[in-house]
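A short write-up of the structure that comes next.
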2 protein chains.
Amino acid sequence: MGSESAALDSAFMALADPVRRSIIARLSRGPATVNELAEPFEISKQAVSKHIQVLEQAQLVTRTRDAQRRPVHLNPARLEALTAWIDQYRLVREGQFRSLDAVLRSNAADSSD
Amino acid sequence: MGSESAALDSAFMALADPVRRSIIARLSRGPATVNELAEPFEISKQAVSKHIQVLEQAQLVTRTRDAQRRPVHLNPARLEALTAWIDQYRLVREGQFRSLDAVLRSNAADSSD
DNA sequence: TCTTTTATCAACCTTTCGGTTGTTTAAAGG
DNA sequence: CCTTTAAACAACCGAAAGGTTGATAAAAGA
């Protein structure tokens with residue numbers, strides 16, 4: 001129950017980088033290996049590997065084994081969790097009263113964010 | 001659209017902090033001053049002021065003048081920009097994700113944020 | 001076995017972040 | 001005036017991030 005906040009921390013942090021967002025964009029078209037992901041960028045493969053570790057820790061991607069390859073896959077469920085968080089606040093101002101009580105109800109259980 | 005990437009950088013980075021997300025949550029219920037925002041937290045007002053500068057630079061909030069006060073307001077348009085970016089990718093792989101209401105249900109269940 | 005491919009780990013360096021304290025500015029109220 | 005309140009500014013410090021090079025591991029293929 002408690003540390004969904006830490007999950008949001010790592011997910012938003014992971015997306016706060018243009019290289020990592022490009023990786024997400026690439027993976028939305030299908031799985032890819034570290035080398036394939038590194039190819040379009042100027043930075044080293046080690047650096048790309050670190051970026052993928054960040055995305056993996058944020059649960060935005062997962063990895064499988066395929067012989068000596070380690071394909072990286074997008075995890076769309078985590079992206080949904082982010083829009084779900086944002087939506088509870090952006091709807092407040094948009095719909096001012098229409099959806100207000102739905103938001104308050106989901107906020108009532110917790111107090112902070 | 002030139003430096004949209006930098007705008008996304010700063011906005012996602014700004015949300016990658018539980019204190020700043022709490023500030024967003026508070027502001028979704030109406031404008032507040034630095035002191036009002038700082039009150040529920042253990043950290044100093046200067047630290048809160050810095051957090052608000054981060055949110056302001058990310059254009060997630062704006063400030064107005066009211067005598068010697070500087071009320072902070074939420075800017076829902078920026079939140080929309082973030083969901084717009086995520087939405088490009090989250091629904092791409094139609095076959096893989098679970099139903100939307102399953103996501104919403106799990107979000108409501110453990111809503112620590 | 002030896003080599004190639006794929007990818008991680010380890011050490012290191014530089015820059016940025018998150019927080020602190022202390023010092024100003026600016027407006028309102030005695 | 002002088003004091004109080006609200007808030008920003010500035011300098012500083014420890015911790016973490018982002019990148020590099022170099023060494024290592026594990027599987028496939030010759």
Side-chain angles (χ1 to χ4, degrees), chain A residues 3 5-24 26-27 30-74 112-113, chain B residues 3 5-24 26-27 30-75 113:
Chain A
S3 55
S5 185
L8 288 174
D9 283 7
S10 58
F12 280 125
M13 189 271 272
L15 293 184
D17 182 284
V19 171
R20 287 193 291 260
R21 286 199 305 277
S22 292
I23 290 174
I24 293 290
R26 166 66 185 79
L27 292 178
T33 64
V34 168
N35 275 301
E36 290 164 348
L37 291 169
E39 202 271 321
F41 299 108
E42 294 293 313
I43 60 182
S44 68
K45 293 171 185 182
Q46 287 92 336
V48 171
S49 191
K50 279 191 180 183
H51 280 305
I52 294 171
Q53 281 177 36
V54 171
L55 290 167
E56 193 179 19
Q57 203 204 343
Q59 300 180 59
L60 289 166
V61 306
T62 57
R63 292 160 120 153
T64 54
R65 258 262 174 223
D66 171 29
Q68 81 274 37
R69 302 179 164 210
R70 309 283 309 275
V72 185
H73 305 254
L74 190 64
S112 55
D113 47 56
Chain B
S3 55
S5 183
L8 289 175
D9 283 7
S10 58
F12 280 125
M13 189 271 274
L15 293 184
D17 182 285
V19 172
R20 288 195 288 262
R21 286 199 304 278
S22 292
I23 289 174
I24 293 290
R26 166 65 184 82
L27 292 177
T33 64
V34 168
N35 275 302
E36 290 164 348
L37 292 168
E39 202 269 323
F41 300 107
E42 293 297 313
I43 61 181
S44 69
K45 293 172 185 180
Q46 287 92 336
V48 172
S49 191
K50 280 192 178 184
H51 280 306
I52 293 171
Q53 282 177 38
V54 170
L55 289 168
E56 193 179 18
Q57 205 205 343
Q59 298 181 55
L60 289 167
V61 305
T62 57
R63 283 198 257 210
T64 54
R65 258 263 173 221
D66 171 29
Q68 80 274 37
R69 301 180 166 213
R70 309 284 307 275
V72 184
H73 306 253
L74 190 64
N75 178 15
D113 278 15

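Chain letters run A, B, ... following the sequence lines, proteins first, then strands; residues in each count from 1.
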Check the distance between D:dG19's P and A:Glu42's CD and give it to me in whole angstrom. 12 Å

So CZ of B:Arg20 and CZ of A:Phe12: to nearest 0.5 Å the spacing works out to 12.0 Å

Is it the case that over 12 heavy atoms from other parts of the model lie below 6.0 angstrom from the CZ atom of B:Arg69? no

Does some side-chain heavy atom of A:Ser10 sit less than 4.5 Å from a side-chain heavy atom of A:Gln59? no

Send over the distance from B:Leu37 CG to D:dA7 C1', rounded to a whole Å. 12 Å

Roughly, in whole Å, what's the span from CD1 in B:Ile43 to P in C:dT20? 6 Å

Taking 4.0 Å as the cut-off, does a side-chain nitrogen or oxygen of A:Thr33 come that near to OP1 or OP2 on C:dA7? yes

CG on B:Leu55 to CE on B:Met13, rounded to 0.5 Å: 9.5 Å

Atom-to-atom span, NZ of B:Lys45 to P of C:dT23 - whole angstrom: 18 Å

Answer yes or no: is there a side-chain heavy-atom contact under 4.5 Å between B:Ser22 and B:Arg26? no

Please give me every residue in residues 47-56 of chain B whose heavy atoms get under 4.0 Å of an atom in DNA chain C, ordered by residue number. B:Ala47, B:Lys50, B:His51

Looking at CD of B:Glu56 and CD of B:Gln53, how far apart are the two atoms once the value is rounded to the nearest 0.5 Å? 7.5 Å

How many whole angstroms separate atom CD of B:Glu36 from atom P of D:dA6? 9 Å

Check the surroundings of atom CD in B:Glu36: do more than 12 heavy atoms from other residues, nucleotides or ligands lie under 6.0 Å from it? yes

What distance do B:His51 atom NE2 and B:Arg21 atom CZ have between them, rounded to the nearest 0.5 Å? 11.5 Å

d(CZ, A:Arg65; P, D:dA28) in whole Å: 9 Å

Nearest to the side chain of B:Arg69, which nucleotide is it out of D:dA28, D:dA7, C:dT20? D:dA7

Close side-chain approach of A:Leu27 to A:Leu37, heavy-atom, < 4.5 Å: yes

B:Asp66 CG to D:dA7 P, straight-line distance once rounded to whole Å: 10 Å

Could you go through B:Leu15 and B:Leu60, starting from their C-alpha distance and side-chain angles, then the distance that decides it, and tell me whether this counts as side-chain contact (heavy atoms from CB on, under 4.5 Å)? CA-CA 9 Å; B:Leu15 293 184; B:Leu60 289 167; 4.0 Å; yes

Can you tell me how far C1' of D:dT3 sits from CD of B:Gln68, to the nearest Å? 13 Å

Return the residues of residues 10-24 of chain A meeting this criterion: a heavy atom under 4.0 Å from some atom of DNA chain D. Order them by number, or give none. A:Arg20

Would B:Arg65 and B:Arg70 count as a side-chain contact (heavy atoms from CB on, under 4.5 Å) here? Give the steps. CA-CA 5 Å; B:Arg65 258 263 173 221; B:Arg70 309 284 307 275; 3.5 Å; yes

Under-4.0 Å side-chain N/O to phosphate OP1/OP2 contact, B:Asn35 with D:dT5: no

Using nucleotides 22-24 of chain D, report all nitrogen or oxygen pairs with the protein that are shorter than 3.5 Å.
unit_1	atom_1	unit_2	atom_2	d
D:dG22	O6	A:Gln46	NE2	2.9

